[in-house]
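Predicted model, so just to flag it, every value in this text is computed and none were measured.
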Amino acid sequence: MTRAAAIVTAAALAAGPARAQAPSRQAPVVTSLTLFAGTAQGLYRSRDWGASFERVAGQRAGGSLESVGAVACILPVGPQVVLGSASGVYYSTDFGETWKRVAESGPCTALIGSRYPLADRTLFLGTPQGLQRAPLDLYAPEDMPRAFLPTPVPGRVARIEWPGPQLLVATSSGLYLSEDSGSTAGRVGTDPTAPLPAGDVTALVVSAFFAVDPALVVGVGSEGVFRSADGGRRFAHAGLRGRRVHDLVWLGPFLYASTDAGLFRTEDLGRSWTLLAEGMRDREARRLLFPLAPASGAEAFLGTDRGIYWTGDGGLNWRALGGALAEQEILALATFPQPDPVRRRGGR
């Protein structure tokens, strides 16, 4: 990213320290956005910016979600929502009012679609057995798929990034890179002079301009965070050793890591990390979402092992959201419209 953009983003996220009190949430910021949360009990939806959540059961005439199981994957694309659960893949064309089961593949561990869904309707689904690819007509209600196609990527899939045409997949077997959108793939990070440690790759984030700036960051087992500036050929340790990383999010100059010991942030590529724990003690951070990035990147939702937390100042102060999700384990967070995938991520 440019130096000017980095300065603007840093200024926006640093605005919080001037206020000692917790951020105010007296009114929804954007009432037209829908927030989705996946839990071990199913899918929940908020129409008031997290102030309250309702269980999404679906109308029985169109397919019920009563027995959907754990929901770990949510992909909203306009009024269309793709849902990956323990019992398969479901599809809605009306923001989750009605559903249709479109595949029995699962349980779902990761889910991603093209950045340009109108031009490329391919969908990648991660499972405990490996990566699968959906037929091109997934979003066409008149031609719903019944099966997903296997790819050469093995192992339990934790995260998928698709900057295009490159596809990167974090798995229990290592980090895989495909140059042809999944038709072929090979494990990366095997350079003996600077390898990626063997182990379960649990988190992954890539540069927004991966084709010209092939920077990426991963979490490996309890080894912490590792970064690469050359597309995964060589890696360097970037801190948090002893922590298991569940999620990584790049926002301008800042890199966030959701871990088993809480949420951490670095602004120097991992040379130093800050624990963002005010108002959120003894919580395991699972999923982090900046729903308005990059326009208002200071506001975020964090899914934990016991409920959802909200911040209005980039993570300095947190407030628990009560209601139906107060003590539930949060497996997935998503919103429509989705955050801009190009402008919200940083680089090396």
Side-chain angles (χ1 to χ4, degrees), residues 72-73 75 84 108-115 124-128 130-131 151 153-179 181-182 185-190 195-211 213-240 243-251 254-260 263-264 266 269-270 285-290 303 331-334 339 341-342 344-348:
C73 309
L75 179 63
C108 179
T109 57
L111 184 66
I112 195 171
S114 169
R115 291 184 179 183
F124 285 99
L125 175 78
T127 75
L131 183 69
T151 73
V153 179
R156 179 181 179 86
V157 176
R159 182 78 177 190
I160 310 166
E161 290 283 355
W162 192 11
Q166 300 95 341
L167 179 76
L168 293 108
V169 188
T171 81
S172 57
S173 302
L175 180 65
Y176 285 80
L177 170 66
S178 172
E179 297 284 358
S181 298
R187 193 161 64 91
V188 298
T190 58
L196 184 67
D200 187 4
V201 181
T202 58
L204 165 68
V205 67
V206 304
S207 164
F209 306 99
F210 191 79
D213 178 24
L216 62 95
V217 183
V218 299
V220 181
S222 60
E223 296 293 324
V225 175
F226 293 80
R227 59 184 176 87
S228 172
D230 57 10
R233 284 183 285 274
R234 296 167 57 87
F235 281 88
H237 190 251
L240 296 183
R243 304 302 183 195
R244 187 171 182 85
V245 181
H246 299 299
D247 196 16
L248 290 164
V249 174
W250 235 327
L251 185 68
F254 296 121
L255 175 66
Y256 291 81
S258 300
T259 79
D260 56 0
L263 182 68
F264 290 81
T266 180
L269 293 178
R286 297 293 178 83
R287 292 290 180 265
L288 178 63
L289 173 68
F290 287 92
L331 305 177
L333 288 174
V342 173
R344 71 186 175 93
R345 294 178 186 147
R348 57 181 172 179

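Listed by chain and residue number, nothing satisfies the side-chain hydrogen bond (donor to acceptor under 3.5 Å, both in side chains) test with Arg233 (two or more places apart in sequence, or in another chain). By the salt bridge (charged side-chain N to carboxylate O under 4.0 Å, His left out) test, Arg234 is found to be paired with Asp191, residues two or more places apart in sequence or in another chain being considered. Under the ring pair (Phe, Tyr, Trp, His ring centres under 6.0 Å) criterion, Phe264 pairs with no residue at all, not counting sequence neighbours.
To the nearest 0.5 Å, atoms CZ (Arg286) and CG (Asp247) are separated by 11.5 Å. Here CZ of Phe226 is found 4.0 Å from NE2 of His237. Values are rounded to the nearest 0.5 Å. To the nearest 0.5 Å, atom OG1 of residue Thr127 and atom CG of residue Leu111 are 12.0 Å apart. Rounding to the nearest 0.5 Å gives a distance of 11.0 Å between CG of Asp230 and CG of Asp213. Annotation: the span from Arg227 atom CZ to Leu196 atom CG amounts to 13.5 Å, rounded to 0.5 Å. Here the CZ-CG distance, from Arg159 to Leu175, works out to 13.0 Å after rounding to the nearest 0.5 Å.
Among all heavy-atom pairs drawn from Cys73 and Ala110, the shortest one is SG-N, 3.3 Å. Nearest heavy-atom pair across Ala257 and Val245 is CB-CG1, 4.3 Å. For Val218 against Leu204, the heavy-atom pair with the smallest separation is CG1-CD1, 3.6 Å. Across Leu177 and Gln166, no two heavy atoms sit closer than the pair CD1-CB, 3.9 Å. Considering every non-hydrogen atom in both Leu125 and Cys108, the closest pair reads CD1-SG, 3.3 Å. Closest heavy-atom contact between Gly174 and Arg187: CA-CD, 4.1 Å.
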Apply the test side-chain contact (heavy atoms from CB on, under 4.5 Å) to residues Leu240 and Thr266: give CA-CA distance (whole Å), side-chain angles for both, the deciding distance (0.1 Å), then the verdict. CA-CA 10 Å; Leu240 296 183; Thr266 180; over 6 Å; no

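Taking 4.5 Å as the limit, some side-chain heavy atom of Asp260 sits within range of a side-chain heavy atom of Arg243. Between Leu168 and Phe210 the shortest side-chain heavy-atom distance falls below 4.5 Å. Considering only heavy atoms from C-beta on, Leu263 comes within 4.5 Å of Ser258 through its side chain. With contacts defined as side-chain heavy-atom distances shorter than 4.5 Å, the pair Thr171/Pro154 does not qualify. In this structure, the side chains of Phe235 and Val220 stay at 4.5 Å or more apart for every pair of heavy atoms.
Side chain of Thr109 to main chain of Val157: a donor-acceptor pair is present (N/O by atom type, distance under 3.5 Å, no hydrogens or angles).
At a threshold of 4.0 Å, the pair Asp200-Arg244 counts as salt-bridged, since one of the basic side-chain nitrogens sits closer than that to a carboxylate oxygen.
The only member of Thr151, Val153, Ile160 that meets side-chain contact (heavy atoms from CB on, under 4.5 Å) when paired with Leu167 is Ile160.
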